[in-house]
Amino acid sequence: MSDDDVLLQVDGVCKNFGEIRACDNVSFELWPGEVLGIVGESGSGKTTLLNCLAGRTEPDSGLISYTNRRGEASDIFAMFEPERRMLARTDWGFVHQNPRDGLRLDITAGGNIGERLMMVGARHYGNIRGEAETWMNRVELELGRIDSLPRTFSGGMQQRLQIARNLVSGPRLIFMDEPTGGLDVSVQARLLDLLRELVRELNVAVVIVTHDLAVARLLSDRLMVMRHGAVVESGLTDQVLDDPQHAYSQLLVSSILQV
Amino acid sequence: MSARKRKTRHDDGETGYNFAYLDEQTKRMIRRCILKAVAVPGYQVPFGSREMPLPYGWGTGGIQVTASIIGRNDMLKVIDQGSDDTTNAVSIRAFFAKTADVATTEETSKASVIQTRHRIPERKLRADQILVYQVPIPEPLRFLEPRETECRKVHAYSEYGVMQVKLYEDIARYGRITTAYAYPVRVDDRYIMDPSPIPKFDNPKMDNSPALQLFGAGREKRIYAIPPYTTVHSLDFEDHPFDVETWDEPCGLCGATDSFLDEIILDDQGGRMFACSDSNFCTARRADGHTGQFAEDPIEESRKGEPAHV
């Protein structure tokens with residue numbers, strides 16, 4: 001496919017939980033290699049939207065269409081489940097806020113990284129191991145920890161391991177749900193730095209959900225501000241943050257603590 | 001067998017039990033499940049497991065399968081860990097001798113139905129024999145994926161990479177695949193199956209076996225099967241191929257070098273011997289004149305060879 005094709009086309013996505021409108025008519029397009037930030041307060045529907053995009057929650061209405069490597073666009077909820085699951089573990093990645101949700105805790109770091117490779121048929125131990133070592137290096141984890149269990153890792157290391165586990169299959173689209181959520185500030189900075197580097201280097205598109213505007217500013221090209229399930233403002237990150245138009249965006253920007 | 005000549009008790013309704021304990025409706029239900037299992041090799045078919053007069057884990061699944069397929073003219077053999085004379089084997093054999101009045105044997109070649117726990121007989125099985133396994137945990141993914149719904153999807157969509165992760169872990173931690181029993185296999189290039197806790201030594205015997213192999217899990221309510229002449233492939237890595245256990249010593253009783261050996265402690269001086277776990281195989285070899293180092297008297301022999309063991 002060429003870079004002219006939209007990677008993800010989202011059109012009028014709605015999702016209700018009973019009376020609660022978690023996603024209200026959300027539409028946008030995501031292009032290959034683009035980083036889209038979704039910001040908003042807790043309960044504004046960011047995570048629900050992300051889950052819909054990643055095929056984990058089916059929306060009540062609306063269309064989510066993904067263009068695969070062959071340039072064919074298809075509705076992710078119209079395709080067969082095995083196809084969607086295949087996409088989810090090859091073309092896509094999902095980085096959870098809590099790395100314990102995204103890792104196998106009783107499997108060593110190497111096994112965690114190698115899982116996606118084995119899922120698509122890798123059956124050579126040496127090669128899998130080699131690939132795992134490469135990725136340990138790339139996310140700045142000590143090679144000596146390759147046979148350690150993730151539960152012996154610090155929060156920041158677990159998060160980096162989760163990222164490596166997702167990137168090993170060479171995905172084109174990564175969903176991130178507050179990737180820096182539970183980390184202290186210095187670890188956050190290092191992780192963001194790493195993420196920015198990897199994302200640019202691999203030219204992977206990212207949808208990143210965060211309530212931290214600094215994270216959004218650092219990583220994303222484009223920003224969507226959500227409130228009560230609806231997108232109230234969207235545009236280039238710098239534009240939205242430097243000149244917010246909507247009253248809620250203005251409130252959000254003005255609430256950043258100045259140190 | 002003397003039991004055969006005795007008047008069958010179920011015929012005159014003295015005990016109130018149906019032939020082979022289970023009622024006919026239940027047997028039909030189980031047979032339908034067996035047919036489905038044979039039609040889809042390696043697929044776990046749910047069945048309405050019945051309460052049996054022994055606890056779960058003692059072979060309730062295997063007994064129900066045997067009860068559904070056994071006929072008056074069958075010859076039954078029951079083994080537990082390869083042996084005909086352990087508690088479990090003796091009890092189940094007695095159970096069928098009593099409730100179905102079938103002939104029983106210890107000789108592998110004479111049996112038409114063999115119920116087993118933990119082993120496949122050493123002697124090659126024939127097309128007119130059926131091997132029934134007792135299975136404690138039928139789901140090979142159980143310890144990797146706790147959600148049953150997810151397990152079913154993994155089977156349905158053949159997403160079996162996670163099984164490989166388990167073997168990867170073995171090599172990463174111990175340098176080789178250390179899974180020694182219940183070694184996962186792929187049946188007919190489709191379903192991944194737990195062959196019940198048989199040693200991996202027995203895995204190659206399942207491949208292309210002329211005998212029908214049925215697996216019954218009573219507590220988990222699953223039946224699965226390997227039809228005759230079906231490919232059974234033990235999972236492995238290209239650079240860590242599947243292999244079976246080997247021993248440095250031959251069987252102490254019959255001198256066999258090609259059978260699965262149990263280690264037996266002889267005294268508190270470090271004396272030990274290895275002997276075939278398949279008791280019938282070992283007995284037959286000794287009857288043919290093969291002898292091992294401990295053939296006469298294991299304990300005496302171990303004392304003679306003392307320095308080697310102390």
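For the numbers below, each heavy atom of this structure counts, side chains included, while hydrogens, waters and symmetry mates do not. So you know, we letter chains A, B, ... as the sequences are listed, proteins then strands, and number each from 1.
- For Arg104(A), the part sitting under 4.5 Å from any heavy atom of chain B is the side chain, from C-beta outward, and nothing else.
- Contacts with chain B were tallied for Arg129(A), Met119(A), Arg85(A); Arg85(A) has the most, counting heavy-atom pairs under 4.5 Å.
- Between the Glu238(B) side chain and the Tyr125(A) main chain, no donor and acceptor come within less than 3.5 Å of each other.
- Taking Lys166(B), His240(B), Lys153(B), Met163(B) one by one and counting their heavy-atom pairs under 4.5 Å with chain A, the maximum is reached by Lys153(B).
- Residue contact with chain A, scored on non-hydrogen atoms closer than 4.5 Å, involves the backbone and the side chain of Gln164(B) alike.
- The environment of Asp189(B) atom CG is sparse: at most 12 non-hydrogen atoms of other residues, nucleotides or ligands sit within 6.0 angstrom.
- For Arg100(A), the CZ atom is loosely surrounded, since the number of other residues' heavy atoms within 6.0 Å does not exceed 12.
- Remark: side-chain polar atoms of Asp147(A) are not paired, donor with acceptor, to backbone N or O of Arg173(B) under 3.5 angstrom.
- Within a 6.0 Å sphere centred on CZ of Arg176(B), heavy atoms belonging to other residues, nucleotides or ligands number 12 at most.
- Dense packing is recorded around OH of Tyr157(B), with more than 12 heavy atoms of other residues, nucleotides or ligands lying under 6.0 Å away.
- The number of heavy-atom neighbours closer than 6.0 Å to CZ of Arg126(B), taken from other residues, nucleotides and ligands shown, is above 12.
- Side-chain contact between Arg89(A) and Glu159(B): present, with at least one pair of heavy atoms (C-beta onward) separated by less than 4.5 Å.
- Scanning both residues, Gly111(A) and Tyr168(B), for their nearest heavy atoms gives N-CE2, 3.2 Å.
- By the neighbour-count criterion of 12 heavy atoms within 6.0 Å, atom CD of Glu150(B) is densely surrounded, having more than that number from other residues, nucleotides or ligands.
- No more than 12 heavy atoms of other residues, nucleotides or ligands sit less than 6.0 Å from atom NZ of Lys36(B).
- Counting all heavy atoms, side chain and backbone alike, Val165(B) lies closest to Met118(A) at N-SD, 3.7 Å.
- The shortest heavy-atom contact between Asp236(B) and Arg123(A) is O-CD, 4.2 Å.
- The shortest side-chain heavy-atom distance between His124(A) and Phe237(B) does not fall under the 4.5 Å cut-off.
- Of all non-hydrogen atoms in Glu169(B) and Asp106(A), the two that sit nearest each other are OE1-O, 4.2 Å.
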